[in-house]
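Submitted below is the structure of interest, expressed as structure tokens.
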Amino acid sequence: MDFSLVELTRDQQIFQRTVRALLDEVVTDEVHEHERATGDGISVPVHLALGRHGWVMPEWPVEDGGAGLDPVCRRILELELARYQVPRIGLGTTRLVWAAVERFGSRELRERLGPGVADGSVRFCLGYSEPDGGSDIAAARVRAVRDGDHWIVNGSKLWTTGAQCCQYSFVITRTDPDLPKHKGLTMFLVPLDLPGVEIQPIMTYGGERTNAVFFGDVRVSDDQRLGEVNDGWTVLRGPLDKEHSLGPGRDVLEDLSSLRQYLRPLETALDVAVAWARDSTKPDGSGPLADAAVLERLGRAATEIELAVCTPGPLGRVKIGDVMIEQSAQLMDLVGTEALISAGADGALGHEGDIDFTHRFAQGTTIYGGTVEVFRNIIAQHDLHLPRASFPGAKVVI
Amino acid sequence: MDFSLVELTRDQQIFQRTVRALLDEVVTDEVHEHERATGDGISVPVHLALGRHGWVMPEWPVEDGGAGLDPVCRRILELELARYQVPRIGLGTTRLVWAAVERFGSRELRERLGPGVADGSVRFCLGYSEPDGGSDIAAARVRAVRDGDHWIVNGSKLWTTGAQCCQYSFVITRTDPDLPKHKGLTMFLVPLDLPGVEIQPIMTYGGERTNAVFFGDVRVSDDQRLGEVNDGWTVLRGPLDKEHSLGPGRDVLEDLSSLRQYLRPLETALDVAVAWARDSTKPDGSGPLADAAVLERLGRAATEIELAVCTPGPLGRVKIGDVMIEQSAQLMDLVGTEALISAGADGALGHEGDIDFTHRFAQGTTIYGGTVEVFRNIIAQHDLHLPRASFPGAKVVI
Amino acid sequence: MDRFELRSQDFSLDEDQLAVRAAFADFFAKECPPETVRGAEPRGFDADLWGRLLTLGVGSMSLPTTAGGDDATLVDLVLIAEELGRVLAPVPLISHVVATRMLERAGAPASLISAAARGDFLVTLAHAPVTGGARQLVPDAAVATHVVALLDDKLVLLSADGPGAHVSNQGCTPLAWWRPTDGHDRTVLAAGAKAGAIHTDAVAEWRLLTAAALVGMADAALRLGVEFAKTRRTLGVPIGSLQGISFPLVDIAVGVGGTRHLVWKAAWYAQHEPGSRPELPLMAFDAASRTATHGTSASAHVHGGLGFSVEADISLYFLRAKGWSLLGGSTSANLREIGSVIAGAA
Amino acid sequence: MDRFELRSQDFSLDEDQLAVRAAFADFFAKECPPETVRGAEPRGFDADLWGRLLTLGVGSMSLPTTAGGDDATLVDLVLIAEELGRVLAPVPLISHVVATRMLERAGAPASLISAAARGDFLVTLAHAPVTGGARQLVPDAAVATHVVALLDDKLVLLSADGPGAHVSNQGCTPLAWWRPTDGHDRTVLAAGAKAGAIHTDAVAEWRLLTAAALVGMADAALRLGVEFAKTRRTLGVPIGSLQGISFPLVDIAVGVGGTRHLVWKAAWYAQHEPGSRPELPLMAFDAASRTATHGTSASAHVHGGLGFSVEADISLYFLRAKGWSLLGGSTSANLREIGSVIAGAA
């Protein structure tokens, strides 16, 4: 057990200063304004700047376009990106998909795309879900039919966040409808500039943009296939297994849950609520902080955040989503009308109406990457070893 | 819509005074002490006293042993029984079972038992559940095998509250194991003094006693059968349907939910918490009522109680159970250590450690007469018309 | 309160009440589809819809016949407010009606009352008593030219040439900052204890009617969730057949069913036994705020990713649950007022 | 607190810690079956079990080697407390160890410390600072002859010939009313700021160790519920396959998993960076109280009617969730202390 501050070597201190210097320079007000206006989840200029330093794939050797960073420096980079609120959904999806390309793609594909991934010019998004599919990804119906050394892809994917800023999408397709659900799937890395690909924006009230991507007779080269034909489920599970694992050998510099970053807005909202409690005045001249009920609610929010930070793996995914929804609503209730004011309007709290933002944003955190119900099922079966319900369309999801 | 005080006629006022006079006399401290010590859920002396006035079956004509009460007087009686905290589980089960006897019993049976029911000397309890059965009453396995004009009954029933003070138990038995689950059942009114009947107490931490009743080769006369052979499910549903109904034609003097009485201890606990907040002194000399957090918690408890009172039918059963569990725990948390002190011990709050009692008692309110999960399923299907899950052992319960 | 007193527990609506409810349900369903709600964003005001509502007499109906009204009760008003909430109608009905009733109670000039009742001007109320020159957020003040406020010990009507500047907010309502010093015309309506009492009652009425609207909102959100759960399938079954989906929906239904009754009961008491249960409107508001907050969020969640998108109608509901329930201040403050009343420490 | 500082997030136990945990898990499982818990009711003290625990060195192990201890850390203590809670062991371990540590920190005579460490007498602590002659409820004072209390600005050890009179209570613990004027022998241990600091730290330690015990309690309750849900069937399926049962059990698991980690983290900080995160033990206590309250109640509910009977082991857990978490006062008070710390208003 160890929670101590990591003592940085001289080189690591220099690295930290270098990162901050770069971010001071490239993470401008415009970057944040762009994100607020578009909800892209990615800032192309910042992504390219990271690429120039080898920080898109920081653990890669320098000669492959990476920066050869040790784990401590990688964590420094991650924390500073979080501190500077760099939009980095695209960074995450690119790295996730690359893990599959590396393991299942042809050598040709890896060599063709690797340098671009590293320098930031090639970015990936995820095409898992479909309209009507919900969290049951194995029910994918996007059809891919072989045509010589190409495949003809038809159908649509949903929630392909970042597609408008990416060059390729991971796309799980149905290549054999006669095989059992998990068997007839094949994975492709589909170039998004191909004829027949249409990206349609879907705006969320959490401020993020996601997309529906439509494929109409899109001709995809077989070179873009990942893994074997009809073995797409294996390709898909690869990165997900990594995502969900919490075994021994865990990197102790990492957060306990990959959703931990989603708590950040709530931490900001709590800070804003504390500032409100300290600085505002009630009609009788007293401040909210003199009020035990205010202290209790702030105490509860802070406790729940700390508890969520400490909740590991799939348990943490459930806890973080629940805490986000519940405590953001509690902070709204505590502060009252002012908490409703939108960013930029007269009287907005914090930098950008942070409590209002967090309350809207929170609603997405019980859905991303599988609903909390999917994770509750996983916990029931894998952690508690409760009997599994048998459904007509079973085999479990994810 | 009308919530006004019912204006009593002169006769009704006299009736109210008569009821109070009787209860002043018969509901002695010993009655409450007996209930606290035994958890019987019934006071035989009080029950008999009610019977002497025709108030066990108050709407029956006087010549049948009732009191021919109008609805207003019946409600007066009910409220006064509640006010005097008369243990009355046995009253409820007797009335419930009688409804089935009246509808499904032979004329001989009705005539034989009616007078005793009315005068209080004949009391009924419920034999629905079985060990391993949970809320799935239709899965009953107590076996009844025909033997001439008798039946041989073997097996055991669980949660037959009041059996130790009753003369008969409603017993649902399996008479044809080869028929579908709901078809092979037959209902009997089993005399509890028959050889082979054994009543074994089960104490609850809510202070109530319930029982397991074992039947070993018990010879039950066919006269005691209710309804047709293998049609016991119809007999069982009769009173339950009445119990769960909330249609038009509802008696506007009645509570919205049959569980409303279970909120009474929480109302007492809230009063005790308010008194504590008003009368106790914190180390700094101030009282808890000066504290906004205390006001908020009291306000929340009061609101939840009022909300539960206003929640109709099956919705109310779910709400009342949830409120009991949640708010009794909240009051414990608010008051702290003193809330733990047992009735009779130095410093116990209220008359008899009411917050402690309510917290223990509450746990039963999500189980009585079907768990809240059973009621959630009913609401999902009947109110929301959500699709029913298909289970191997289906047909729905209750 | 004697908890064992014999009171009628009649929650049924009589024919007139059923007719009022049906008429407004019909009106709102026809005149205010989701496009109307979206079209009124971000200010949250549809002047056409408001005009048509006024022609139905909503501005005057709850006034006494002596003041040109129809003696409609608070029960009628909560029935209307529930239907308004069900479609999220972007109209300042609640504020305007409550403020107009204040004018009548304070004995304002008949011409002023009837002008308000006709909707010649829009009037709202400042919830917090005004102290010093501090500004406060006033619901509907971005469309109202008139504001009723408690200034020290006086109830005052303040009017300006135009409404306040709209403050963008989560619920897309006509919220505005307001302070009484900004060169308004002033009419003193009442003073002393009477002024305070009218203001306290009006704030409670506002919360009661808003509670009703939140019940309608939560009920509509529940229906959207139920419909989605019936049709969407996973693992070969409709998601609504899974208890992980159905139980949360049931819990919304439990909240809506109870809260609706509580709102009715509070309205009945305020109408027929004013002062006897002053905590009931506040309780109704507390319950409705939580039912709407929880219900819209849980129903959006049942919708999966779709429920997080602005194109789904459920999003309109989610954003207005807090957007409406926090307009009058913090729900914490309301809760401690309940505590004060029930502890007899008010 | 810089939320972006680079700290290790290592929640793993080292070999020594694993060995401590295994040894005590083994001890408690063997020596304290449910019959032992029942047998110790209503006072909640098993002298034999306590004696055997003392021979394992629990009284001295967390003292510095200079005071005859083994320098065991707070992390070791929370691991032991979790195992104690798992079996609901009826022993005053937490109070006694925390109070003994107070003696040591206050620089009490070595002979006194070693007598306490050996368990020659039982010592506990009064949680509330003593003001005037008011009595207070003191955990374990019905078995302890010695009480450490903060009297005005002094930390004092008060001793009597025998323990206080037991006050029957929900959790069957050795609770007693206590006041410092009842003819006790007094030893002043410390004065001024130091006295207050030792007392504050000890109360936080007591909450931390109790939090650990509550985690063990909730985890054991969860296991009972899971086992029941695996075997009990309804409608032809095991009830544990229904989300209406499995999801509540999962939520207990989520609470236990997170709270255990939070307890560990709080113990680590209190041990290695005392003072840097004073809110953590209080947070751990708040989280553990809720996890145990909710977890034992939900698990009892999964048991159906059986879970409401005193013969089911789960009943022992349900009654001690509140019975242990309220021993030191109200959980509300703890919560507002957290609020004060994080708002910097402490």
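Everything quoted here is computed from the prediction, not taken from an experiment. Residue numbers start from 1 in every chain, and the chains themselves are labelled A, B, ... in the order their sequence lines are given, proteins ahead of strands.
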Legend entry - Top of D:K265, D:R3, D:R260 for chain A proximity - count of heavy-atom pairs under 4.5 angstrom: D:R3
Legend entry - Engaged part of D:L280 at the chain A interface, taking heavy atoms whose separation is under 4.5 Å: side chain
Legend entry - Most contacts with chain D, counted as non-hydrogen pairs under 4.5 angstrom, among A:Q16, A:H385, A:R297: A:H385
Legend entry - Top of D:K230, D:E279, D:E227, D:R223 for chain A proximity - count of heavy-atom pairs under 4.5 angstrom: D:K230
Legend entry - Backbone N/O of D:L335 and side chain of A:R300: donor-acceptor pair under 3.5 Å: no
Legend entry - Heavy-atom pair count under 4.5 Å with chain A, highest-scoring of D:L6, D:L282, D:L262: D:L6
Legend entry - Over 12 non-hydrogen atoms of neighbours within 6.0 angstrom of CD in D:E5: yes
Legend entry - Verdict with supporting geometry, D:R7 and A:L5, side-chain contact (heavy atoms from CB on, under 4.5 Å): CA-CA 4 Å; D:R7 281 183 179 269; A:L5 280 166; 3.8 Å; yes
Legend entry - Whether D:S8 side chain and A:D2 backbone form a donor-acceptor pair below 3.5 Å: yes
Inset, instruction - Identify the heavy atoms of A:L315 and D:G257 that sit nearest to each other, and give their distance. - result: CD1-CA, 4.1 Å
Inset, instruction - Please report the shortest heavy-atom distance between A:L386 and D:A229, naming the atom on each side. - result: CD2-CB, 4.0 Å
Inset, instruction - First locate atom CZ of D:F4, then atom CD1 of A:I76, and finally report the distance between them rounded to the nearest 0.5 Å. - result: 15.0 Å
Legend entry - Atom group of D:R290 that falls short of 4.5 Å from chain A, counting heavy atoms: side chain
Legend entry - Geometric class of the D:F11/A:F3 ring pair [parallel <30°, tilted 30-60°, perpendicular >60°]: perpendicular
Legend entry - Straight-line distance of D:R336 CZ to A:D291 CG, nearest 0.5 Å: 9.5 Å
Inset, instruction - Please examine the side chains of A:S4 and D:H272, heavy atoms only from C-beta on, and report whether any two atoms are closer than 4.5 Å. - result: no
Legend entry - Choice from D:I245, D:N334, D:D14, D:D286 maximising heavy atom contacts with chain A below 4.5 Å: D:D286
Legend entry - Over all atoms of both residues, closest heavy-atom pair of D:A253 and A:L384: CB-CD2, 4.0 Å
Inset, instruction - Using non-hydrogen atoms and a 4.5 Å limit, figure out which bit of D:S332 sits close to chain A: side chain, backbone, both or neither. - result: both
Inset, instruction - Considering only heavy atoms and a distance below 4.5 Å, find which of A:E80, A:E267, A:R75 pairs most often with chain D. - result: A:E267
Inset, instruction - Select one option (side chain, backbone, both, neither) describing which atoms of D:V75 are under 4.5 Å from chain A's heavy atoms. - result: side chain
Legend entry - Residue selection (most heavy-atom pairs with chain D, distance under 4.5 Å) from A:L307, A:V274, A:L298, A:I379: A:L307
Inset, instruction - Quick one: closest heavy-atom pair of A:R376 and D:V250, and the distance? - result: O-CG2, 3.5 Å
Legend entry - Reported CZ-to-OG distance for the pair A:R388 and D:S241, which is rounded to 0.5 angstrom: 11.5 Å
Inset, instruction - Please look at A:E254 and chain D and tell me whether the side chain, the backbone, both or neither of the residue comes under 4.5 angstrom of a heavy atom of that chain. - result: backbone
Inset, instruction - Report yes if the side chains of A:K319 and D:D251 come closer than 4.5 Å at any heavy-atom pair, otherwise no. - result: no
Legend entry - Candidates D:V254, D:T259, D:V256 - the one meeting side chain to side chain contact (heavy atoms under 4.5 Å, CB included) with A:T311: D:V254
Inset, instruction - Check whether A:V318 gets within reach of chain D through its side chain, its backbone, both or neither, counting any heavy atom under 4.5 Å. - result: side chain
Legend entry - Audit row: D:I342, A:T303, side-chain contact (heavy atoms from CB on, under 4.5 Å) steps and yes/no: CA-CA 10 Å; D:I342 69 122; A:T303 299; over 6 Å; no
Legend entry - A:V294, part contacting chain D, at a heavy-atom distance under 4.5 Å: neither
Legend entry - Interatomic spacing from CD1 in A:I305 to CE in D:M283 - rounded to 0.5 Å: 8.0 Å
Inset, instruction - Report the option among A:E78, A:E304, A:E373, A:E306 that has the most heavy-atom pairs separated by less than 4.5 Å from atoms of chain D. - result: A:E306
Inset, instruction - Sort A:R264 into side chain, backbone, both or neither according to what part of it lies under 4.5 angstrom from a heavy atom of chain D. - result: side chain
Inset, instruction - Please state whether the side chain, the backbone, both or neither of A:A82 comes within less than 4.5 Å of a heavy atom of chain D. - result: both
Legend entry - A:N377 side chain near D:Q243 side chain, heavy-atom distance below 4.5 Å: yes
